[in-house]
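Take a look at the structure below.
Worth saying up front: this structure is predicted, and the values here are computed from it rather than measured. To find a chain, count down the sequence lines: A is the first, B the second, and so on, and within it residues start at 1. Side chains are part of it too, since the values below use all heavy atoms of this structure and drop only hydrogens, waters and symmetry mates.
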Protein chains: 2
Amino acid sequence: MVSLHQLSLALYSTSRLLIQLLQNTLKEFNLTYPQYVTMTVLWEEDSILVKEIGERLHLDSGTLTPLLKKLEAMNYVKRQRGENDERTVHIELTYPGKSLQSKVQQALLPLEEILNEIPGLELYDLNHSLQNLLESVETLKNSKKE
Amino acid sequence: MVSLHQLSLALYSTSRLLIQLLQNTLKEFNLTYPQYVTMTVLWEEDSILVKEIGERLHLDSGTLTPLLKKLEAMNYVKRQRGENDERTVHIELTYPGKSLQSKVQQALLPLEEILNEIPGLELYDLNHSLQNLLESVETLKNSKKE
DNA sequence: TGCAGTTAAATTGTATAAAACTTAATTTAT
DNA sequence: ATAAATTAAGTTTTATACAATTTAACTGCA
């Protein structure tokens, strides 16, 4: 029997510790974890709206706005208000922002390998379970809104 | 194949969303999630040190000190400096702090049930994998310290 | 058409949490 | 007995999360 409390604490702790581990590496580039994941979204698809980044990461604009301004200050992204729709802000990678990708990936490689060698850990299943739970929680949250 | 990036994002997102869901309920009691887990530790074992709470939750004193002061201000806990060892602070539940337990558990029950009914989600396995990953990450972190 | 109400997107302000650093007390080794 | 190392908690600074606000765009209806 697994309680909500046990599960949430396991998620919370594991998430935080893994992120701390990643941040050890990321700090070479002056990136926090949320900043890094934001960059990964842009590396996958450049020039998207704040809202779209938020959807993919489940972060709201109140978190993203200051984060993106920070990335802009570091000259990794450019923020540009939409021409047709003045409410929106398009985020584009700068050249330094683009070339950061391979450097960061390179730096994370050792960790990547260690992770894959954890005995008895079925990463694929774990990832799958997390996605399943994530979707369920999302659905729950949305249903409560109405 | 699961990348470090995928896994960490799944953990980060799921953790955050589940906690948001919990906080919907917890806010009735004016508790944030970290405050709530701290209380759960005390409900399991009353009168322990800040350091011990930190070990169980993987939180450091920088997070716990202000949090515990908040709980003290709400009259849920009492903080008392150790007599033998002046460096330590013992945390004890107050009567309101103790009686909060059943109320909070009651309020979380509906969520608890919903969670257990998510189809295809093997909570037991998920929890087990998370514990395994958590331990590995912990070991890794400690090995890097030296 | 045009305007009132509604929805959408981002921002700002405030509170909370986390990381890095500091201070103080205790322990250990010599 | 004392200096060095360790341990515990607290402080400071930065980042993130959340709520409330602002501005823009859309919708429907007179």
Side-chain angles (χ1 to χ4, degrees), chain A residues 12-13 15-39 48-74 77 79-91 141 145-146, chain B residues 12-13 15-24 26-27 30-38 48-74 77 79-91 141-142 144-146:
Chain A
Y12 177 66
S13 306
S15 167
R16 285 186 34 257
L17 260 68
L18 183 60
I19 283 167
Q20 284 169 13
L21 198 63
L22 281 166
Q23 280 181 338
N24 280 341
T25 302
L26 294 174
K27 71 180 171 211
E28 294 173 36
F29 308 99
N30 263 298
L31 289 174
T32 64
Y33 180 76
Q35 289 165 3
Y36 158 71
V37 279
T38 301
M39 290 301 288
I48 57 176
L49 302 180
V50 174
K51 175 188 141 74
E52 292 171 325
I53 298 176
E55 280 166 1
R56 301 203 191 179
L57 300 176
H58 307 95
L59 291 172
D60 79 353
S61 59
T63 302
L64 287 172
T65 296
L67 189 157
L68 288 165
K69 282 183 177 173
K70 191 86 201 296
L71 290 177
E72 186 179 39
M74 295 193 279
V77 307
R79 296 167 0 107
Q80 203 155 11
R81 215 157 260 284
E83 288 180 12
N84 303 338
D85 189 339
E86 287 271 324
R87 295 170 306 177
T88 63
V89 171
H90 297 259
I91 309 295
K141 282 200 69 183
K145 270 180 197 157
E146 285 129 36
Chain B
Y12 176 65
S13 306
S15 166
R16 284 187 34 258
L17 259 69
L18 183 60
I19 283 166
Q20 283 168 17
L21 199 63
L22 281 167
Q23 280 182 338
N24 279 342
L26 294 174
K27 72 179 171 212
N30 262 300
L31 290 173
T32 64
Y33 181 76
Q35 288 165 0
Y36 158 72
V37 280
T38 301
I48 58 175
L49 303 180
V50 173
K51 175 187 142 71
E52 293 171 324
I53 298 175
E55 280 167 0
R56 301 201 191 179
L57 300 177
H58 306 96
L59 291 172
D60 77 353
S61 62
T63 302
L64 287 174
T65 296
L67 188 157
L68 288 165
K69 281 182 179 174
K70 192 85 201 297
L71 290 177
E72 186 180 39
M74 294 193 278
V77 306
R79 297 169 358 108
Q80 204 156 10
R81 213 157 263 283
E83 287 180 14
N84 302 337
D85 188 338
E86 285 274 324
R87 294 171 306 178
T88 63
V89 170
H90 297 261
I91 309 294
K141 282 199 68 183
N142 291 334
K144 293 226 169 165
K145 271 180 196 158
E146 285 129 36

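The side chain of Ser61(A) lies closest to dT11(C) when the candidates are dT16(C), dT11(C), dA15(D).
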I'd like a table of atom pairs between the protein and nucleotides 5-8 of chain C - only N or O on both sides, under 3.5 Å - with the distance next to each one.
| from | atom 1 | to | atom 2 | distance (Å) |
| --- | --- | --- | --- | --- |
| dA8(C) | O4' | Arg87(A) | NH1 | 3.4 |

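Nucleotide dT14(D) holds its P atom 17 Å from the CG atom of Leu31(A), rounded to whole Å. The interatomic distance linking Asp60(B) (CG) with dG10(D) (P) rounds to 12 Å, in whole Å. For the pair Leu22(A) CG and dA18(C) C1', the interatomic distance rounds to 16 Å; values are reported in whole Å. Whole-Å rounding puts the Tyr12(A) OH to dT16(C) P distance at 14 Å. In this entry the distance linking CG of Leu64(A) with P of dT16(D) reads 10 Å, nearest Å. As rounded to whole Å, 10 Å separates atom P of dA19(C) from atom NZ of Lys27(A). For the pair Ile91(B) CD1 and dA9(D) C1', the computed distance is 10 Å after rounding to whole Å. Between Glu83(A) atom CD and dA25(D) atom P there is a gap of 12 Å when expressed in whole angstrom units.
Residues meeting the side chain to side chain contact (heavy atoms under 4.5 Å, CB included) test with Ser61(B), sequence neighbours left out: Thr65(B). Every residue two or more places apart in sequence or in another chain that forms a side chain to side chain contact (heavy atoms under 4.5 Å, CB included) with Arg87(A) is listed here: Asp85(A). Applying the side chain to side chain contact (heavy atoms under 4.5 Å, CB included) rule to Glu86(B) yields the partners Arg81(B); only residues at least two apart in sequence or on another chain are considered.
Across every non-hydrogen atom of Arg16(A) and Leu57(B), the tightest pair is NH1-O, 3.7 Å. Scanning all heavy atoms of the two residues, the minimum distance from Tyr33(B) to Ile19(B) falls at CB-CG2, 3.5 Å. The two residues Gln23(A) and Pro34(A) have their closest heavy-atom pair at NE2-CD, 4.3 Å.
Looking at Met74(A) and Leu31(A), their side chains come closer than 4.5 Å, going by heavy atoms from C-beta outward.
Between Val89(B) and Arg16(B), the one whose closest nucleotide on DNA chain D sits nearer the 5' end is Val89(B). Comparing Thr63(A) and Asp85(A) against DNA chain C, the residue whose closest nucleotide sits nearer the 5' end is Asp85(A).
Thr88(A) comes within 4.0 angstrom of the backbone, heavy atoms only, and of no base. Nucleic acid contact for Gln23(B): sugar-phosphate only, since backbone atoms but no base atoms lie under 4.0 Å from a heavy atom of the residue.
Under the salt bridge (Lys or Arg N to Asp or Glu O under 4.0 Å) criterion, the residue pairs touching residues 49-62 of chain A are Glu45(A)-Arg56(A), Lys51(A)-Glu55(A), with sequence neighbours excluded.
The phosphate of dA19(C) has OP1 or OP2 within less than 4.0 Å of a side-chain N or O from Gln20(A). Taking side-chain N and O atoms only, Arg81(A) has a distance below 4.0 Å to OP1 or OP2 of dT11(C). OP1 or OP2 of dT12(C) has not a single side-chain nitrogen or oxygen of Thr65(A) nearer than 4.0 Å.
The OG1 atom of Thr38(B) lies 6.5 Å from the CG atom of Leu59(B); values are rounded to the nearest 0.5 Å.
Scanning residues 66-73 of chain B for heavy-atom distances under 4.0 Å to DNA chain D yields Lys69(B).
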